[in-house]
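Convention: sequence-line order gives letters A, B, ...; per-chain numbering from 1. This one's a predicted model, so the numbers in the text were calculated from it and none came from an experiment.
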Amino acid sequence: MNETMEGLKRSIYCGLLTDEYEGRQVTLTGWVNRRRDHGGVIFVDLRDREGLVQVVFAPEMGEELFAKAESVRNEYVLAVCGKVRKRPEGTVNPNMATGDIEVMVGDFRVLSTAKTPPFYIEDEIDVDEMVRLKYRYLDLRRPQMQKSLFLRHRVVKCMRDFLAEQGFIDIETPVLINSTPEGARDYLVPSRLHEGKFYALPQSPQIFKQLLMVAGMDRYYQIARCFRDEDLRADRQPEFTQLDVEMSFVSRDDVLTTTEEMIARLYSQEFGYEIKTPLPRLSYQEAMDRFGSDKPDLRFGMELINIAEEVKDSDFKVFRQVIERGGNVKGINAKGCAGYSRKEIDDLTKFAGIYGAKGLAYFVITAEGVKAPITKFFTPEQVEGIVKKMQGEPGDLLLFVADEPSVVAASLGHLRLELAKQLNLVDKNEINLLWVVDFPLLEYDAEEKRWSAMHHPFTSPVEEDLALMESDPGRVRACAYDLVLNGVEIGGGSIRIHRREVQEKMFNNLGLSQEEAQEKFGYLLDAFQYGVPPHGGIALGIDRLIMLMAKRETIRDVIAFPKTQSAMDLMCQAPSKVEAKQLRELHIKTTSSPSK
RNA sequence: GGAGCUGUGGUGUAGUGGCCUAACAUGCCUGCCUGUCACGCAGGAGAUCGCGAGUUCGACUCUCGUCAGCUCCGCCA
């Protein structure tokens, strides 16, 4: 039933056919996007990765062939041979790139019949993602998905070209490595040859790229697959792709500048958009203070404003006590939202609660003055002071959170984003890039009661904070930086520690004993005894970057075969059970019941 | 580990205790149709309403559990 390509050769992609081919005999191949059977004549839109073209089946081709044409259905794979011609007057389709021409089919073959697909192969579909993922190969036929993958290809190619020009070389690092403490949960791979031992899949090629610097490669890059066994999000998959870069004998600004140039070239090449460099830089502290986030979206204002000074002497116990305990009281001004209903404010309160806020205080500013249940705790002067600090005007809604600093930042920071969404404050076409710099080197893990590296254990402290490492580790700034695009972290890196004594201090702060450090990272420490260049680098999240460039809401849309939120591949059904024999070879026994 | 939303022919939806013997659109099948392009017209097939309990005289509808998908919190150097 299915015919072969024997003796046929495609002349051109369907979507690339132009009127320059008029009068010429061509062979086209593709999928039947849609057929319109008029009885005496059949129109078929033939689709390939470049687009559509209309091919026409008319009875002149002969009875037998025409009968075959009548049996053609959607998604059949055809090879058609025919003459390109201008469409008759009045039948040109201006909505179609190839709408002024068509191919009069003289002969054709059905290379493959097809079942009716479970959903339409077209953009703007509204199909349950479960179905799309199960039939991902059909989902990927949709032009929009193909465009995303083409975009991804061009972006990665542009990166490679740029980096090659700059003297970076592409080096692969192993995928089977050893598990390390710190950081995300590792994916483990049992060893058959070493009973009871495991490889881990890399969370990033971090240590290897640093060893490549010790090896004198000077400038390295890799499009690296990374693995983290943590829960998924719209912008987090268990395996994802990073552009991993490392360079020797450089300062922080060398890394930033190189990255900026690359990103600028990307946008220039892809959209003809000129990004102004150098990009703005915001310290972590300032980002947290003003936006409640270390990846602030600067496409709109509505900054967090500290009103501790204005409320510290008020009768409002909630605020006062928080301040006395070292907490923050901050607010945001939702311009023009004074008309929000009780329920809308309740919803905002609930929303703030997700991030730990125990309440959401508010002022409604009307022409007659401030209206709110809590005004009674403040003197008129205090109310006025708060309104002034918040730059409140009649018609505004002021929202306040009082809590420990991290809760205030998280709740107001997210509330700010939520309100921007509701009020449509974001220009979707704006491209807002910035660096967040001067991250803390360490953060305190309350659960484990110890310091842990905010970036990773090889991040260098900034020189002038070195002395604080023993006296006040929480205040040490790291020579680390994140690249933020429209409120999404798309990359991060640091200048690394290249001095053994600083590295030891770092391990010390992390509560790693000399022995533990030697056991886990000994090879890096050893390497550092043999001449290590100062070095630093960055890793960019390719999936997230492409997601933003393609204006998609989830990285699943720019990954060919992504996993669901429960880390399953609905198409191939991974993960799956394995044979008992395989487990025996790996010296593994599972604890779950065999029926499961 | 937790919160929320969703689950009804292939697909997208409607149906808030009896009107449901489950509706609409689209897709699919059959027939007609020589200029359509979301072709048109006529007819037809197709659903134990995610799964399991419970409440009820009666459950697509209410309750509980469970599974799956999505969003989020925790987690993610």
Side-chain angles (χ1 to χ4, degrees), chain A residues 33-46 52-60 66 70-71 73-75 87-96 98-99 102 104 115-122 124-135 138 180-186 203-204 206-207 226-238 240 347 350-357 407 410-411 414 417-418 439-443 445 447 451-459 478 480 482 489 492-494 506 510 539 541 553-554 556 563-566 568 570:
Chain A
N33 194 62
R34 198 165 252 128
R35 97 198 151 96
R36 295 175 291 280
D37 184 348
H38 287 246
V41 60
I42 301 166
F43 300 99
V44 164
D45 295 333
L46 204 59
L52 300 173
V53 71
Q54 174 165 284
V55 301
V56 186
F57 298 84
E60 289 79 62
F66 194 72
E70 284 177 320
S71 72
R73 291 294 179 269
N74 284 347
E75 300 308 317
R87 292 208 195 171
E89 197 147 336
T91 64
V92 168
N93 183 352
N95 301 321
M96 208 172 165
T98 61
E102 62 191 8
M104 294 303 293
K115 286 170 71 173
T116 303
F119 52 86
Y120 319 124
I121 311 299
E122 62 184 23
E124 313 307 326
I125 55 167
D126 184 18
V127 183
D128 196 312
E129 199 169 353
M130 238 187 295
V131 182
R132 288 177 54 201
L133 288 174
K134 181 172 175 192
Y135 301 95
L138 297 181
T180 53
E182 296 279 318
R185 190 177 295 111
D186 282 321
Q203 297 175 28
S204 86
Q206 185 58 38
I207 294 176
C226 305
F227 305 86
R228 293 176 191 176
D229 188 2
E230 297 292 348
D231 286 353
L232 290 79
R233 289 286 189 282
D235 62 355
R236 270 164 40 188
Q237 284 272 305
F240 60 100
D347 286 345
K350 222 177 279 171
F351 182 86
I354 297 173
Y355 305 94
V407 170
S411 55
H414 283 96
L417 295 173
E418 173 63 20
F439 278 80
L441 183 70
L442 300 160
E443 59 188 342
D445 184 334
E447 207 170 296
W451 292 97
S452 66
M454 192 149 180
H455 189 54
H456 58 57
F458 316 110
T459 299
D482 274 4
E489 179 201 326
S494 62
M506 180 72 174
L510 297 177
E553 299 284 324
T554 159
R556 295 189 298 279
K563 291 178 176 57
T564 66
Q565 193 163 48
S566 61
M568 290 211 300
L570 293 182

Nearest to the [X] side chain among [options], which nucleotide is it?
X: A:Arg73; options: B:C29, B:G35, B:C72; answer: B:C29
X: A:Glu60; options: B:C28, B:C37, B:U34; answer: B:U34
X: A:Ile354; options: B:G35, B:U11, B:C72; answer: B:C72
X: A:Met130; options: B:U71, B:U36, B:A68; answer: B:A68
X: A:Tyr120; options: B:C37, B:G10, B:C73; answer: B:G10
X: A:Glu129; options: B:C70, B:G35, B:U11; answer: B:C70
X: A:Gln565; options: B:A68, B:C72, B:C76; answer: B:C72
X: A:Asp126; options: B:U36, B:U34, B:G12; answer: B:G12
X: A:Met568; options: B:G35, B:G69, B:G10; answer: B:G69
X: A:Val127; options: B:U11, B:C37, B:U34; answer: B:U11

Side-chain ([X]) to main-chain ([Y]) donor-acceptor, under 3.5 angstrom:
X: A:Glu75; Y: A:Lys115; result: no
X: A:Ser411; Y: A:Tyr355; result: no
X: A:Arg556; Y: A:Thr564; result: no
X: A:Glu230; Y: A:Arg185; result: yes

Identify the nucleotide, in any strand shown, that forms a Watson-Crick or G-U wobble pair with [N], with both distances under 3.5 Å; if there is none, say none.
N: B:A23; answer: B:U13
N: B:C29; answer: B:G43
N: B:U66; answer: B:G50
N: B:U56; answer: none
N: B:A3; answer: B:U71

Aromatic stack A:Phe119/B:U11: centroid gap under 5.5 Å, interplanar angle under 30°
no
By a 5.5 angstrom centroid cut-off and a 30 degree plane limit, is there stacking between A:His38 and B:C39?
yes
[N] to [M] separation - [atom1] atoms, rounded to the nearest Å:
N: B:C64; M: B:U55; atom1: P; answer: 15 Å
N: B:A22; M: B:U13; atom1: C1'; answer: 13 Å
N: B:G2; M: B:G74; atom1: C1'; answer: 8 Å
N: B:A45; M: B:C24; atom1: P; answer: 13 Å
N: B:G12; M: B:G27; atom1: P; answer: 15 Å
N: B:G7; M: B:G40; atom1: C1'; answer: 36 Å
N: B:C19; M: B:A14; atom1: C1'; answer: 15 Å
N: B:U61; M: B:U6; atom1: P; answer: 15 Å

Please classify the nucleic acid contact of [X] as base, sugar-phosphate, or nothing, using heavy-atom distances under 4.0 Å.
X: A:Glu418; answer: nothing
X: A:Arg556; answer: sugar-phosphate
X: A:Ser204; answer: base
X: A:Pro118; answer: sugar-phosphate
X: A:Asp128; answer: sugar-phosphate
X: A:Pro117; answer: nothing

[X] side chain N/O closer than 4.0 Å to the phosphate oxygens (OP1, OP2) of [N]?
X: A:Arg34; N: B:C39; value: yes
X: A:Asn74; N: B:C28; value: yes
X: A:Ser566; N: B:G69; value: yes
X: A:Arg36; N: B:C39; value: yes
X: A:Thr564; N: B:G69; value: yes
X: A:Arg87; N: B:C37; value: no

Can you find a heavy atom in the side chain of [X] that is under 4.5 Å from one in the side chain of [Y]?
X: A:Asn74; Y: A:Tyr120; value: no
X: A:Met454; Y: A:Thr459; value: no
X: A:Leu441; Y: A:Met506; value: yes

Whole-Å distance separating the [atom1] atom of [X] from the [atom2] atom of [N]:
X: A:Asp235; N: B:C70; atom1: CG; atom2: P; result: 14 Å
X: A:Ile121; N: B:G27; atom1: CD1; atom2: C1'; result: 12 Å
X: A:Lys350; N: B:C72; atom1: NZ; atom2: C1'; result: 15 Å
X: A:Arg236; N: B:C76; atom1: CZ; atom2: P; result: 9 Å
X: A:Arg132; N: B:G12; atom1: CZ; atom2: C1'; result: 14 Å
X: A:Asp37; N: B:A42; atom1: CG; atom2: P; result: 17 Å

May I ask you to decide whether A:Asp45 forms a salt bridge with A:Arg36, counting only side-chain N to carboxylate O separations under 4.0 Å?
yes
Contact nearer the 5' end of RNA chain B, comparing A:Leu570 with A:Arg185:
A:Leu570
For A:Tyr135 and A:Phe119, take the angle between the two ring planes, folded into 0 to 90°, and tell me which bin it lands in: parallel under 30, tilted 30 to 60, perpendicular over 60.
perpendicular
Between the side-chain atoms of A:Glu89 and the base atoms of B:G35, is any donor-acceptor pair under 3.5 Å?
no
Ignoring hydrogens and geometry beyond distance, is the side chain of A:Arg228 in donor-acceptor contact with the base of B:C76 at under 3.5 Å?
no
